[in-house]
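Taking it in order: structure first as structure tokens, then the write-up.
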Amino acid sequence: MNFLDRLLSGDAHELAEPISKGLAELEAAAVHRFNQPFVDLTPEQQDALLEAVERKYFFQQLVQLTGEGFYADAGNGGNLGEISWKMIGYQPRLKGNMQ
Amino acid sequence: MSDTYDAVVIGGGAGGGIVACVLAEAGQRVLLLERGKKMSYADVTQDHLRNHRLGKYGHNTGPELAGNPRVYIDPAGKRYVSTPIGPGYNNNAMVLGGGTLVYGAQAWRFMPQDFQMASIYGTPAGSSLADWPIGYEDLAPYYERAEWEIGVAGDGGLAGKHWNRRKGFPLPPLPDTPTRLLLRRAADSLGWSSMPLPLLINSQPYNGRAPCVQCGNCVGVACPSDGKNGTQNTVIPRALATGLCDLLTETQAERVDTDAQGKVIGVTFVSIRDGKVERRSVRCKRVILSAGAIESTRLLLNSASAIHRRGLGNESDHVGRHLQGHVYVGAHGVMDESVYTGRGPGASIVTTQFNHGNAGIIGGGLIADEFIKTPVIFFNGCFPPGARRWGLSAKKFMRDNYTRNVHVQGPVQEIPSPDSRVEIDGTVKDRFGIPVVKLSGTIHPETLVVGHFMRERAEQWLTAAGAKGVWGWSPDGLGLSAGQHQAGTARMGNDPKESVTDAWGRVHGHDNLYVADGSLHVTNGGFNPVLTIMALAYRVADGIVKG
């Protein structure tokens, strides 16, 4: 299970409803404004829609969870291959648990 | 396990581990109670979202989220029943060794002025700023003992410029880092003193254990080489080696028992055995509370009886008051080149130029560079105010700043307030049915002034180091402060009307009840408090042994 699914069905389950509701509204806005699903929009169009919701609670929570998933340890399910760590230059000097 | 002991020590953290060791080595039969588990490095785990530096969804070293609530009253008066990751909980590690298993291990002596805050600065209206009943010279031999028995790495010569010291540190400082070199040059250019950060970390093999392997994961997790020194790998094993100390982990003290005359006669504690809650009591000659400023208070108050209706030691209504911790202030900046090596601890240099002697300011604090941060902590706290944390610009910020960031910060000496306090909540109970604490109050407004002053010094240091985009932070509103540096709730003093214990940590009105943890601190210094907790524990134990 990926990071968000795991968290929204577990430790952050109280955010599942506001986030799925907010995403549904975002999808509706994409269709309304650009006549296409959000995933098919250009990056510029996607950013324009996200800017419009960036002060909303659901989006701020989603940004927070996304950052946690992407930048936390791979064991949490959102940083496959420690790709974000390679990107920013973080070099964990311990691999796994030592006894 | 026996029915009677010479001493029962409640809490196997910084204070209790030391008291148990000193008493057992002096021949006393000791029972050491710890409500957390004994945990290995592997047990503690490396989860970046569930540790004691970032406990977003839980704590690797307890308490568990279920069954350990506290009540918190926020500054607006709103009441919360919080889990250990909830609002206002002010958690500290619940594990054998306590915070010393997972701390960053800064090893500070308080300065002589820290023991005389009221005499030097006066007592601001609404505060309970007071002098300690002892001075630096009273505690100095015990600081030295803590430095040598637990193990501190540092530069004794440079520390000797600020503290009267009989000898140096047992271990040389950890190796230089790029940040230490550039901040030392900056301090020199400003005319500020600086020195390598003293740490309770083995820079070389010491006391039969390996040195630090510079893994870069000090704070919030345990040490892979066991080269970080806490009570769990020093004095507690020594206590057990005497054969005179019994250790019960996962066992929570419920109350200090007293007889019909109000004299302390033992302790009742509770644990879960074979799925069932089991209560037991032992009798003892003396009891030492070392459960931390919040939980030691809870025990004193929950031990009320017909004789001590307001709780033990609480005739003057000081138990649980003056709760304090450390407001943190600091600054971030960006260097042109990477200053990151991945080698821990990361925290490497300090200035104590501004702990005292600042015109118009009460006290001050240290400023040091920060430990290596996990990427998610960087994501949470290191974007400048107003910067967008999503989209391409956020990713670019992370990529461009993580290895070039310099971050200095430090604890501000708080001005204590009698209204910042720990009480017992009338309704909420823990998993054993024991009434829990209610935390309320805020820092004194004067602390904001000190914080603002120190923030400017942090910004000044980074600017002098050539950092760009320097931005600092300090609190601009009043909130409760306690956390891992919690202190003050059983303050020492000579006058029973103004304090909870005497100058030896013995609770007023009792000849066999003691406190040995941060609760004793009249004020909490502008320094991480653990070495002071350790030194006081040696002194309290010494007082017991010498009678």
Side-chain angles (χ1 to χ4, degrees), chain A residues 3-4 6-15 22 26 41-56 58-79 82-99, chain B residues 40-51 54-58 65 83 85 210 212-217 221-226 338-344 372-383 388-405:
Chain A
F3 175 78
L4 274 181
R6 195 192 294 180
L7 218 55
L8 291 176
S9 60
D11 286 337
H13 62 88
E14 75 285 357
L15 292 175
L26 193 65
L41 300 181
T42 66
E44 292 73 21
Q45 290 171 327
Q46 290 178 336
D47 278 357
L49 288 174
L50 295 177
E51 277 170 33
V53 298
E54 74 175 335
R55 293 184 181 281
K56 295 200 171 191
F58 96 85
F59 186 70
Q60 290 177 344
Q61 295 301 314
L62 188 59
V63 167
Q64 178 63 31
L65 296 187
T66 305
E68 287 172 6
F70 188 50
Y71 293 112
D73 56 294
N76 271 292
N79 183 14
E82 299 177 348
I83 187 143
S84 74
W85 294 359
K86 288 172 188 150
M87 178 186 85
I88 67 172
Y90 175 65
Q91 298 157 19
R93 300 188 72 236
L94 288 176
K95 296 290 184 187
N97 283 329
M98 287 164 53
Q99 266 294 41
Chain B
S40 69
Y41 172 74
D43 294 336
V44 173
T45 81
Q46 298 276 306
D47 189 327
H48 284 201
L49 298 174
R50 294 167 190 82
N51 60 70
L54 176 57
K56 177 76 186 282
Y57 302 110
L65 300 189
T83 72
I85 56 171
C212 168
V213 291
Q214 295 196 272
C215 73
N217 294 279
V221 298
C223 177
S225 74
D226 211 21
S338 171
V339 290
Y340 174 83
T341 64
R343 293 187 172 272
I372 289 180
K373 287 182 286 294
T374 60
V376 67
I377 286 178
F378 196 88
F379 173 79
N380 281 346
C382 300
F383 280 70
R388 187 173 270 171
R389 295 204 305 147
W390 60 273
L392 201 56
S393 66
K395 219 160 154 181
K396 190 168 182 317
F397 177 85
M398 289 293 294
R399 192 162 46 211
D400 291 347
N401 284 263
Y402 184 75
T403 60
R404 295 192 295 133
N405 169 275

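Since the model is a prediction, treat every value here as computed from it, not as a measurement.
- Taking chain B as the reference chain and counting heavy-atom pairs below 4.5 Å, the highest number among A/Asn79, A/Leu50, A/Thr66, A/Leu62 is found for A/Leu50.
- Listed here is the closest heavy atom pair of B/Tyr57 and A/Ala12: CE2-CB, 4.3 Å.
- For the pair A/Phe70/B/Met398, no side-chain contact is recorded, criterion being any heavy-atom separation below 4.5 Å from C-beta on.
- Using a 4.5 Å cut-off between heavy atoms, B/Arg343 touches chain A through backbone and side chain atoms alike.
- Note: B/Gly342 leads B/Gly342, B/Gly216, B/Gly58, B/Ser338 in heavy-atom pairs under 4.5 Å with chain A.
- When heavy atoms are compared at a cutoff of 4.5 Å, B/Thr341 approaches chain A solely by way of its backbone atoms N, CA, C and O.
- Residue A/Asp11 touches chain B through both its backbone and its side chain, counting heavy-atom pairs closer than 4.5 Å.
- The part of A/Leu7 that comes within reach of chain B is its side chain, from C-beta onward, which places non-hydrogen atoms under 4.5 angstrom from that chain.
- Between chain B and the residues A/Gln46, A/Gln60, A/Gln91, the largest count of heavy-atom pairs under 4.5 Å involves A/Gln91.
- Contacts between A/Gln64 and chain B at a heavy-atom distance below 4.5 Å involve backbone atoms as well as side-chain atoms.
- Annotation: maximal heavy-atom pairing with chain A below 4.5 Å, among B/Arg389, B/Arg388, B/Lys395, B/Lys56, occurs at B/Arg388.
- Contacts between B/Asn401 and chain A at a heavy-atom distance below 4.5 Å are absent for every atom of the residue.
- Across all non-hydrogen atoms, the minimal contact from B/Trp390 to A/Asp47 is CZ3-OD1, 3.7 Å.
- Below 30°, between 30° and 60°, or above 60°: for A/Tyr90 and B/Tyr402 the angle between ring planes is above 60°, a perpendicular geometry.
- Heavy atoms closer than 4.5 Å to chain A are found in the side chain of B/Asn380, but not in its backbone.
- When all heavy atoms of A/Ala72 and B/Leu49 are compared, the closest pair comes out as CB-CG, 3.8 Å.
- When each of B/Val44, B/Asp47, B/Thr374, B/Asp400 is checked for heavy-atom pairs under 4.5 Å with chain A, B/Asp47 comes out on top.
- In this structure, A/Asn76 and B/Arg50 approach most closely via the heavy-atom pair OD1-NH1, 2.9 Å.
- Of all heavy-atom pairs between B/Pro375 and A/Tyr71, the closest is CB-O, 3.6 Å.
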